[in-house]
Amino acid sequence: MEISYTDNMENMTKENLQQLFLSVEWESGKYPEEVLEAVKGSHSCITAWDGDQLIGLVNALSDGVLTAYFHYVLIRPDYQGRGIGKGMMDRMLHRYKGYQTKVLIAYPNVVEFYGKLGFEEEDGTTPLFISDLM
């Protein structure tokens, strides 16, 4: 397995994004044009590739100074458990090293993974959402 990582979005297409998002059963995969626009509008993005196949993605939304929010963190299921997510997150955390706050919202099954990267639950906080399905 020869995995490469890049922050260059030139090879990003709505098709390879759709395949990645649908592989993890995310509803947004049904809206590939919007996902492509959203990812390209990110403050930064790191992707993982196996040849020309997009197998992972992490993006950050940021104010550029104090706070970075890691919104999408996806790895194709058949590539999970191989250190690819850690590799992408390590690169992102390095990029935002001097920022005061780095935040993400995690599903219960991956809280332990993010804990190993230094993320902690913050007492007294509750994530809140408004989700309008398209």
Neighbour count above 12 (heavy atom, 6.0 Å) for Lys14 NZ: no
Tell me if the CD atom of Gln53 is crowded by more than 12 foreign heavy atoms within 6.0 Å. yes
Arg76/Asp50 ion pair, N-O < 4.0 Å: no
Would Arg95 and Asp7 satisfy salt bridge (charged side-chain N to carboxylate O under 4.0 Å, His left out), going step by step from the backbone distance to the final call? CA-CA 11 Å; Arg95 177 170 290 167; Asp7 60 3; 2.8 Å; yes
Taking the side chain as every heavy atom from C-beta outward, state whether [X] and [Y] have any atom pair closer than 4.5 Å.
{"X": "Lys40", "Y": "Asn59", "result": "no"}
{"X": "Ser44", "Y": "Ser62", "result": "no"}
{"X": "Leu57", "Y": "Leu17", "result": "yes"}
{"X": "Phe119", "Y": "Leu104", "result": "yes"}

According to a 4.5 Å side-chain heavy-atom criterion applied to Ile, Leu, Val, Met, Phe, Trp and Tyr, with indirect links allowed, do Leu36 and Leu61 form part of one hydrophobic cluster? no
Hydrophobic cluster membership, with links at side-chain heavy-atom distances under 4.5 Å among I/L/V/M/F/W/Y: are Ile84 and Val110 in one? yes
As an exercise, state the distance from [atom1] of [X] to [atom2] of [Y], rounded to the nearest 0.5 Å.
{"X": "Met92", "Y": "Ile46", "atom1": "CE", "atom2": "CD1", "value": "5.0 Å"}
{"X": "Ser23", "Y": "Leu54", "atom1": "OG", "atom2": "CG", "value": "8.5 Å"}
{"X": "Leu20", "Y": "Thr47", "atom1": "CG", "atom2": "OG1", "value": "9.5 Å"}

Smallest separation among heavy atoms of [X] and [Y], with atom names:
{"X": "Leu93", "Y": "Leu117", "answer": "CD1-O, 3.9 Å"}
{"X": "Ser42", "Y": "Ala60", "answer": "CB-O, 3.6 Å"}
{"X": "Tyr69", "Y": "Ile105", "answer": "OH-CD1, 4.0 Å"}
{"X": "Leu22", "Y": "Lys30", "answer": "CD2-N, 4.1 Å"}
{"X": "Val39", "Y": "Met9", "answer": "O-SD, 3.8 Å"}
{"X": "Ile3", "Y": "Ala48", "answer": "CG2-CB, 4.2 Å"}

Using ring centroids (six-membered ring only for Trp), state whether Phe21 and Tyr72 fall under 6.0 Å. yes
Phe70/His43 aromatic ring centres below 6.0 Å: no
Before giving the answer on side-chain contact (heavy atoms from CB on, under 4.5 Å), spell out for Asp52 and Asn11 the whole-Å C-alpha distance, their side-chain angles and the decisive distance to 0.1 Å. CA-CA 8 Å; Asp52 62 355; Asn11 293 329; over 6 Å; no
Under 30°, 30 to 60°, or over 60°: which ring-plane class applies to Tyr96 and Tyr99, parallel, tilted or perpendicular? perpendicular
Would you call the rings of Tyr107 and Trp26 parallel, tilted or perpendicular, taking 30° and 60° as the class edges? perpendicular
Can any side-chain N or O of Asn16 pair as donor or acceptor with the backbone N or O of Thr13 at less than 3.5 Å? yes
With no hydrogens and no angle check, is any side-chain donor or acceptor of Gln18 less than 3.5 Å from a backbone partner on Gly29? yes
